[in-house]
Amino acid sequence: MALPPPDPQFVLRGTSAAVHALRFSCGSQEPDVPILFSGSENGFIHVWNLKTHRVDTALDGHGRKSVYCLETMGGKDRLLSQGRDQRICLWDLAEGRTAVTDSVVTENVGFCRCSLLKLAEGRWLMAMAAKALEEVQVLELPSKTSVCTLKPEVGAKLGMPMCLKLWQLNCGSQPLLLAGYEDGSVVLWNLSMGKALSQLVCHQEPVMSLDFDSEKAKGISGSSEKVLSIWSLNEQQNLQVYKTHKLVNAGISDITIRPDKKILATAGWDHRIRIFGWKKLKPLAVLDYHTATVHCVSFSDHKNPSERLLAAGSKDHRISIWSIYTQT
Amino acid sequence: MAVFDTPQEAFGALRPVCVQLTRAQTMENVARLQAQLAAVSASALQELQEYVLFPLRFALKVPGPKQERLVQSVVQCMSSVLAATCVKKQELLQELFSELCTCLSPPSGSSKPASLSEELKLAVIQALHTLMHSAYGDVILSLYQPSTLPLLGFAVSLLLGLAEQEKAKQIKISALKCLQVLVLQCDCQEHRHLDEDEAQQCGDLFASFLPGISITLSRVITGDIKQGHKTTVCAIRLFYLIVGLVMADAQLARIPKNKEKLPVEQSRISELLVHRGPDWSKSTAEKLSLLLHKMVEFSSVHPHWKVRLELVELVHHLLRNCSRSLVDSFSHLLKALVGLVNDENSEVQSRCNEVLQGIAEQRIVAQNRALADVLSENLHSLATALPRLMNSQDDTGKVSTLSLLLGYLKLLGPKINIVLNSVSHLHRLSKALMQVLELDVTDVKIVEDRRWGCESTCGPSGSLQQGVQKGRCQKKYFRFFTEEKVFQLLQQVCRVLGYHGNLYLLVDHFMGLYGESGMYRKQAAMVLNELIAGAAGLGVDVLQEREVLLNMDDLKGSIMSILDEYTDQANWYLITSIDTEEISHEHSVQCSGLTAHPGGACSSILLPSPEPHVTTRTMNSNIWQICLQLEGIGCFAAVLGKEFRLLLLSALYPVLEKAGDKTLLISETALGTLVDICEACSYDSVQSLINENSDYLVNGISLNLRQLAHQPHASQVLDTMLRHSDASLLPLVEDVIQDVLSTLDQSYNNQASTFLRVLHSVMAALDEVLPLAKPEPNNSDTEGETLLPSHAQLAKDVMERCIHLLSDGNLRVRLKVLDVLELCVTVLHPHGNHLLPMAHRVWPALVTRLVSDDPLAVLRAFKVLCTLAQKCGDFLRQRFSKDVLPKLTRSLLSQAPASARAGPVYNHTLAFKLQLAVLQGLGSLCEKLDMGESDLNKVADACLIYLSAKQPMKLQEAAQSVFLHLMHVDPDSTWLLLNEVCCPHQYEPPHIGLRPVKLSGMGRPRNEFTDNVLFLLERLQQRESATPRAGTPEASPP
């Protein structure tokens, strides 16, 4: 007898709008409660208390324009949010405050999520799509000093950047940027030279999301097609196609590799969340709950592995929380 | 009133009588001396003490036989002197002591006690008593030297003999009291307090007498009850005083290992002295234990309460002084003490409690491992015997047995863990509890009592109010007892365990029993609930505070694990009814429950057998199981208070599930639990509890809807939510209704009736909210199809499903659908643009219901049509007269001859019921639809024949109702029609020029229609005269 389809552990209701971004903050010790941030189409960021499963606070900082990217900057008190009001806000949430301490105006009309990388204590690098359509700008935070602007070669015809991933091999080494473009290609950028190191055409359609595992030097990307593309980076820093995986239904809006690099989750336009083994891309589960496109998936950062969770946000206004650690 | 204050004066007065007495020892002379003594002051007498005593002592020492009465008066006289003076010389004391004793000694050579008069004995005893009190300061101690041992021994044996063998109560008592003084344990406060060494020395001396004293006293104590309670009381007191002294732990601890060597001249005496070494104390303790056992057995049931009270004192005294040396005796002693807690005499009771309290406060048990072991042994043997006792004893016996158990536990206090840590103890104890707490589950009514109104559409919160007012805890019936007190004791036993015991260990153990066998599960749940209450200190009566403060996190952890177990599907979804509909669900739950725990050999044992044959007993048992678990949840809430709010996430949904259960006992208990939760978490009402946690509930509903087996429960919860809550719930509910609808879309065939109940509740709730939502002006006509308020959209969505379900094969489903449909129509009323197209779509299925369905469905369909008619009358009128009316009238007409002919059995046929339904529904519909004249005529024609007296009575009445409605629509034509059939009056034209009124009913002979027509005409007339109308007066009857 086949196992019955798994159920969400819990469903969070009450955003009253489509959910576009999710970010956990569960790493701190008791008595701090585990938290989930959610960003929705109506411009609100909800702070969910995962003990009571209720909204503790609702942050309003993007002029009721959709919030589509959320990042924590060390703990639950510092939050970065990106909205369709073309602003990236930095929040101070300590001791019950709900203040925007700083903001970056992107002037970008697209919906490319920014990417954040911690360089050292209190210093971050942030990549974001810039005002000029094809360009990516890299800033240092919190100083907001520009590090570089990455322009494709003239005539490259990459189109707009669609998704970004800043990474470094290990602490202190040279940060690099992976960017997925409108034409379906993924480009590896060297930040110090401002130069593209390698380019790989992974998809026929725009790259919607990508994630990268720096240990295995392997990444995965999804687009509006029925294909997941897995690619690797060789020692010459060349991107190569490693494998592709056919999907039943088209359209992937988000991909996340779990921090332990064992599994990954995709958010599908077909309302489903799919779980794969990262090593061989073995399909492990199809999580079927939502009644509309799933926009984002996120893994929690609980210290205790057995408590770790997966959250998915959907157009149907709901956030489903899954406990899949034990099942994989 | 001393006359002679100075020694000189006194001497002058006393000298003659003394001299005279010395010369002649006669009673008269003694009496004279006695008389003179009264006139001498105490201080003067003190100076002359020896002088006065001399002739008296001389009188006793004169050789040869003496007159008893003389001796008695001499002794009495000595007493008077001694009472007024102090003995300041050691020699004098010893001599007097010895001389007095000699008075009672048997004649030399005889071993039998002297056969003296009772008065003499009493006098001597009293003299001894007085002597002991008159000894000055340290002088008394001179009596307690090794060298005086023989003398003391003589006195002791003399007094013991009197105490045991005399008949007279007074002598017995005096002898015992005198002994008490002799062993320096006098009750009066005049004596000098002995220091440690002196006491030790006395202890050494008295040790020699201990065997004799203890054996004799035990004989006295267990002797004939006729000796009077005072004797027994005195003997008990003396017993524990002497034993408490000789066996005192403090003294024994100071005894050197080897016997001290006494000087040579005392070596013979030293042989008599006892060395209270370990061997001696051990063997003595053993012997005493036997005696104590006998005494305790005897006096704990002594009819006089003062004896029992003294027994309490005995235990108290020995426990305080000899808890180590006599440790083996405490098994009996504590048993007696604990047993006397429930003594019929309140003084004994309260003293007993005081003593127990004192024991606990002084931590006698806590600091004495051996004593704790004794107690735990007692507990063990009691636990072993408990099942048997519970089987055989009557309720009073059970009460005393259980108080004993409770007493042991309370005495053990924090040391309970010694018992709990022993597997065999815990096992015995828990098995005993499991057996005693077995419920009586034979009551058939439990299964039969169904929640009323769960099918009906009564007020949404009616059942709730009822539940709240009922008692919280359901009265339980046990197999082995009926007395409420027995249950209270058992509760206390569990709570005390929870209070002092290691909670993890206990919860773990009883959870094990809970899972071990269905036989124990209910009892284990009961125990677990009480343990938690006890651990939290709720309603627990203990003797001492616990040593370790309660850790809230531990308690919470235990509660959470119990809660998980209780609400696990295998324990929560039990078969409680043979309602086929429910049973099939429950079974599917259990199947999925099994797959959820693969390889669970245990779970398959737990589950009731999946055979459809379930006995009432099993179901009763399951019902109680669920109730106990619900009560537990209520108790956990009470324990955690506001902290329980965090657990509502997982606990509220299951409770609400049961609040909607069809078994009355379960739903009532669940409502009680909800009230408990409200109180604990400070919610004002069940309504606000549900409202403020609707997100949790909706989450549960939505997730449970995903599993076929749980769908009925999910809908039950939603149903309960809606019944017990208000409009504020609707936004969230609307969200989940979409889930319900999509689930329904996937499973029309098997779950329809379950979901219809929910849809009904939802629509009923919407219907109630409607008046609140109304204020917005109804401009939907201009809005067109665009913006529909969400509740109306919901109604539309539900209506959509109703269309499909209207032709369901199951009549019950069809009836329910018609009800829901009617509510949908009501909710959609203000939105005509949406209602009309829906009505259009519903129409074909509705027509089928009207024209060819079960009579019940026909009737309800008429009702729906009436409601529909209020909004879309025009639309319906046409269709009705085209699609439905011809068929209905045709069938009415064609059936009429058959029913007119039929006998009484016809009333049970389908044809009859159909006729009746159509006739009952037609009238009001005609009125609501405002039908045209020709249609009305058709109706009237078809119904007229049913006014015939040949028709069954019910059909006649129904036909009457049609005409009554028609009167409202068109009174004139109805009047005319009726008069055509039968006209009771002659109508004279008001003017000769007018033609006479000619109605075809005139002058007809009485026929089958006459009665009904006349009745209707009368009603018509009443109506007309009540509402006078202008116009056409000539047409109306006068």
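Throughout, protein chains are lettered first and strands after them, A, B, ... in sequence-line order, and every chain is numbered starting at 1.
- When the side-chain contact (heavy atoms from CB on, under 4.5 Å) test is applied to A:Ser314, the partners found at least two apart in sequence or on another chain are A:His290, A:Ala292, A:Asp316.
- Side-chain contact annotation: A:Ser209 with A:Asp254, donor-acceptor N/O pair under 3.5 Å present.
- Sequence neighbours left out, the pairs with a member in residues 642-657 of chain B that pass side-chain hydrogen bond (donor to acceptor under 3.5 Å, both in side chains) are B:Lys556-B:Glu643, B:Trp572-B:Glu657, B:Tyr573-B:Glu657, B:Tyr653-B:Asn704.
- The closest side-chain donor-acceptor pair between B:Ser685 and B:Gln687, if any, does not fall under 3.5 angstrom.
- With sequence neighbours excluded, the residues satisfying side-chain contact (heavy atoms from CB on, under 4.5 Å) with A:Ala21 are A:Leu70.
- The structure places CG of A:Leu228 at 11.0 Å from NZ of A:Lys246, a figure rounded to the nearest 0.5 Å.
- Counting heavy-atom pairs closer than 4.5 Å to chain A, the top-ranked of the candidates B:Leu703, B:Leu648, B:Leu646 is B:Leu703.
- For B:Leu649, the part lying under 4.5 angstrom from a heavy atom of chain A is the side chain only.
- Contacts between residues 84-96 of chain A and chain B, counted as heavy-atom pairs separated by less than 4.5 Å, involve no residue at all.
- Between the side chains of A:Arg54 and B:Asn693, at least one donor N or O sits under 3.5 Å from an acceptor N or O.
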